[in-house]
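None of the values given here were measured: they were computed from a predicted structure. Index from 1, following the sequence.
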Amino acid sequence: MNQSGSIAVITTLYPIKKLLRNLNWLRVVVVCYTYFVNYLDYLNSEQKKAVLETEGPVLIVAGAGAGKTKTLTHRILHLIASGISPQNILAITFTNKAAKEMRDRVRTLLENDPGFSHLRKTPPFISTFHSLGVQVIKENAEILNLGKNFIIFDTQDSKKALKDALISIGIDPKEHLEKVRHIISQEKGRGISANEYMEHGSYDFTSELTKKAWTRYEEILNREHALDFDDLLLKTLKLLRKNDILEKYQKRFLYIHVDEYQDTNKVQNEIIELIASKHRNICVVGDTDQNIYSWRGAEIKNMLHFERTFPETKTFFLEQNYRSTKNILSVANEIIEKNNFRIPKKLFTENSTGEKISLYCARNEIDEAYFIAQRSKELIESGVDPDQIAVLFRANFQSRVLEDTFLAHNLPYQMIGVKFFERKEIKDVISYVRAAIGGEVGSDFIRIINVPARGIGKTTLKKIISGDNDLPESMKIKIENFKKMLLDFREVLGKEEVSYALKYIIKNSGIEDSYKTGLEEDIERLENVMELVSLGLTYDEYPPGEGIEKFLTDMSLATDTDSPEKSKNGVKLMTVHASKGLEFDYVFICGLEDDLFPHRRNESKKKAEDNEEERRLFYVALTRAGKKIILTHAETRTIFGSLEVNSRSEFIDDISEKYLEYEGNFRPKVPLISIDF
C-alpha cells in the first residue's frame, strides 16, 4: 500500500468520525491504526518514535542533515490523521523560507489523498515568530491602540528612524547608531520596554544616551503608527500576559511545534511557554551545536533547560545524517565534542567513507582566492554543477578579493547576502503602496514625493514635514498633483488584484520610465521591480484589499531574514552565518586563521560561551558539505590596510591527521625531535 492509499483508508472513517466526534474510543482506534500505515515507513526508527509521541512535552535533538523538517511535517500529518483539527496545530520557525517549505511539505502530504480535500482551506498555522506576532497583534489591535493597518518598520526603516532620533538630540549617528540600535534590540529581546529601561537602566554615558534616543525613537514609531521587528514579539508577549487573551490562544493551539529552538531568545521562548502551559503538548526541535546567533539574543539555555520547565519531557535524538560522508561527519564530531555547553550527540551515516579533508596554505589572501577559483574551475570542468559549490568565510570583508578573482577567471558565481527587499528600488515601490494606503504625510510620503525626480527639493520637504504651507504656487500644484496620484493608487489598490496594482503604480508613478536609460544598473533595477510584480501574483488569490494587506505584512517581515531573489547559476559565496540551513556537495572554508576564524572578541569580555560559539560556527560550516571539504588559510593577510602575519586556526590543529590531505606547498606541522649525542 502506498502512502496515498494508506491515508485514504484512514479518511474513509471521516463520515463516521464526524457522527461520533465526541467518542474518545474512535480516536484511539484511529491512532492505533496509524501505527501500521505506510507514511510512517518513510521514517527511521528514531524519527518514527518522535512522530508517534504526540501527547505531552517532547524534545527532539536533531543533528545537521538528520531530517528534522521531514520529522516535523510527518508529525503534523500524524496528528491530523489521528483526528486533531489542523486549526489546533501551531508550528513556528524563524524564516519565511523555512515556514514556506514546511507549509508546502504539509500541503503535499495532505493533498496526496483526496480524503483530506476538506482540510485544504484550513491548514495548520505554520509561520515565523514574527508572523505569529502580527496575527496576535492584529486580532487585539484595539488593546494596543493600534489600527489593523499599522506599519511594520523593517531593518532599514528602523535605522532611519533611530538616526533621526539621534540627530534630534544632537548626537552624531555615525558614531553611535549601531551601538544604540543593538542595545534597544537586545533589551526588547529580553522583554524590556522603553519605560522599563528608563527606570532600571544603568547611568553610564551609553545608557543615558540610549534612554534619550529610545524615547525619541518610540515617538517616531507612534507618530508613524509603526512597530519594529522586536515590537512584534514584545507586544505579543505583553498581550499574552493577560489571562483572557492567553486563554483564547491556548484554546486555539492545542499542539505546538517549534523549529530551530536553540535560536529562540527570551521573549520568543516565553511566548511559546505561555501558550503551551495549559495543555503542555509542545514539541521543540533543535541542535545546541548549531546555536550561532547569540549576538542576536538567541539563548542556548532555552534548549539546555527545557526539561526544567517541562520535567515530564520525552527526548529523542535524530543522529543519522543523510547528507555527508563518513569522513566529514567524523571531523565534525571530533570538532564539536570539545564544547561543554551542549546536549551530547554523535552524528553517523550509512553513506560512503568519502574523500579526505583537503588543506591548503596560501601565501596571502590573493593566493588563497586564486587557489579557490582554480579548484572551482577544475570541479566545474569535471562536470560538477556550480550551484553545488560553496565558498564560506567568517567575515564579510573577505568577499571582495574572492569576487575579484572569480571575475578575473570568468567563473559564474553568486554573492549571497544582498537582501532583495533592502534594495532602494524595491523600498520605493513599497513606500508608494504604504503612502497610498496611509493617506498621511509620513516617512513613506516623504521618501517617494521626489522619486522619480519632480523638482521637489530638501527645503520644500522640510516645510512639508513642519506643516509650513508657505510655498510657491507652482510647488503647491506639484504637491497637490502628487497627492491626487496617491489617491488614484489607493483606489486601484482597493479594487484590483495585487500584481495589477503594483504594475499600475510602477508605470504611473514614473518609476518604470526612469529606469529605461539603457544603463546596466538601471536594467537590473527595472528587472527587480518587475520581479516584485511577479511576487505579487501569489497574492492575487485573495480578495482586493486583503491581498495587498497580506503582501505588505509579508514584505515587511521578509526583509529581516529572507530574500526572494531567483538563484543565479554559479558558485555560492557567503558568510558561514548565511550558510546555515543550506547544503552543497563541495564546500570551501577559507580564512582559517587565529583571530579571524575563530574570530576574537574583546579579550576582557570574552567568555567560554563565546569561544564555544566560534567552534559551533565551524561545525555548521563543516556540516554544509555532502561530498568534499577544502580548508584554506593564509600566512599573511591585509586587514584594514595592515599586513598581518597569521597562525593557522586552532580548528585545523583539532582535526586528526588521518582525515587530512595537503594541497600545493602545504606541509603538516612536524614536532621537534630531541636528539641526544
If only atom types and distance count, is the side chain of [X] paired as donor or acceptor with the main-chain N or O of [Y] below 3.5 Å?
X	Y	answer
D228	S158	no
D157	D154	yes
Y293	H577	yes
D444	R434	no
E187	A194	no
N450	A453	no
R454	I449	yes
S509	I505	yes
T538	L535	yes
E196	S193	yes

Would the number of heavy atoms belonging to other residues, nucleotides or ligands and lying under 6.0 Å from [atom1] of [X] be above 12?
X	atom1	result
K580	NZ	yes
K160	NZ	no
R252	CZ	yes
K507	NZ	no

Here's a test for you: under side chain to side chain donor-acceptor pair (under 3.5 Å), which of D230, N265, D231 qualifies with K188? D231

Excluding sequence neighbours, so at least two apart, what forms ring-ring contact (aromatic ring centres under 6.0 Å, His included) with [X]?
X	result
F551	Y539
F125	F253
F482	F445

Nearest 0.5 angstrom please: [X] [atom1] to [Y] [atom2], how far?
X	Y	atom1	atom2	answer
L407	L402	CG	CG	11.0 Å
L274	L237	CG	CG	6.5 Å
L240	K248	CG	NZ	9.5 Å
T553	I548	OG1	CD1	10.0 Å
R181	Y217	CZ	OH	8.0 Å
L177	K159	CG	NZ	7.0 Å

For [X], side chain to side chain contact (heavy atoms under 4.5 Å, CB included) partners two or more places apart:
X	answer
S399	F393, E403, M415
K179	I183, T206
P472	S474, M475
V451	K424, D428, I448

Could you tell me which residues satisfy salt bridge (charged side-chain N to carboxylate O under 4.0 Å, His left out) with [X], sequence neighbours excluded, listed by chain and number?
X	answer
K516	E512
E549	K138
K235	none
K242	none

Kindly give the heavy-atom pair with the smallest separation between [X] and [Y], and that separation in Å.
X	Y	answer
I192	L234	O-CD2, 3.8 Å
Y261	E273	OH-OE2, 4.4 Å
F94	D259	CE1-O, 3.7 Å
G591	F597	O-CB, 3.6 Å
L532	L502	O-CD1, 3.7 Å
L486	A436	O-CB, 3.6 Å

For the residue pair Y504 and F489, categorise the inter-ring angle as parallel (less than 30°), tilted (30 to 60°) or perpendicular (more than 60°).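 Y504 and F489: perpendicular rings.
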
Would K572 and D387 satisfy side-chain contact (heavy atoms from CB on, under 4.5 Å), going step by step from the backbone distance to the final call? CA-CA 7 Å; K572 309 305 178 195; D387 289 338; 3.2 Å; yes

How about [X] and [Y]: does a side-chain donor come under 3.5 Å of a side-chain acceptor?
X	Y	result
N96	D554	no
S579	R624	no
Q268	E270	no

Using side-chain contact (heavy atoms from CB on, under 4.5 Å), reason through L227 and L146 one step at a time and then give a plain yes or no. CA-CA 10 Å; L227 299 176; L146 275 172; 3.7 Å; yes

Is there a side-chain contact (heavy atoms from CB on, under 4.5 Å) between L552 and I151? Walk through the geometry before answering. CA-CA 9 Å; L552 285 176; I151 292 173; over 6 Å; no

Just wondering, do E497 and L537 contact through their side chains at under 4.5 Å, heavy atoms? no

Output every pair passing salt bridge (charged side-chain N to carboxylate O under 4.0 Å, His left out) with a member in residues 127-136, not counting sequence neighbours, ordered by first then second residue. none

Please determine whether salt bridge (Lys or Arg N to Asp or Glu O under 4.0 Å) holds for the pair K212 and E208, giving the CA-CA distance in whole Å, both sets of side-chain angles, and the decisive distance to 0.1 Å. CA-CA 7 Å; K212 293 177 183 177; E208 289 300 303; over 6 Å; no

Just do the side-chain contact (heavy atoms from CB on, under 4.5 Å) check on E139 and Y249 with the steps written out, would you? CA-CA 11 Å; E139 290 176 354; Y249 293 99; 2.5 Å; yes

Could you go through R105 and E101, starting from their C-alpha distance and side-chain angles, then the distance that decides it, and tell me whether this counts as salt bridge (Lys or Arg N to Asp or Glu O under 4.0 Å)? CA-CA 6 Å; R105 288 206 200 183; E101 180 185 358; 2.7 Å; yes

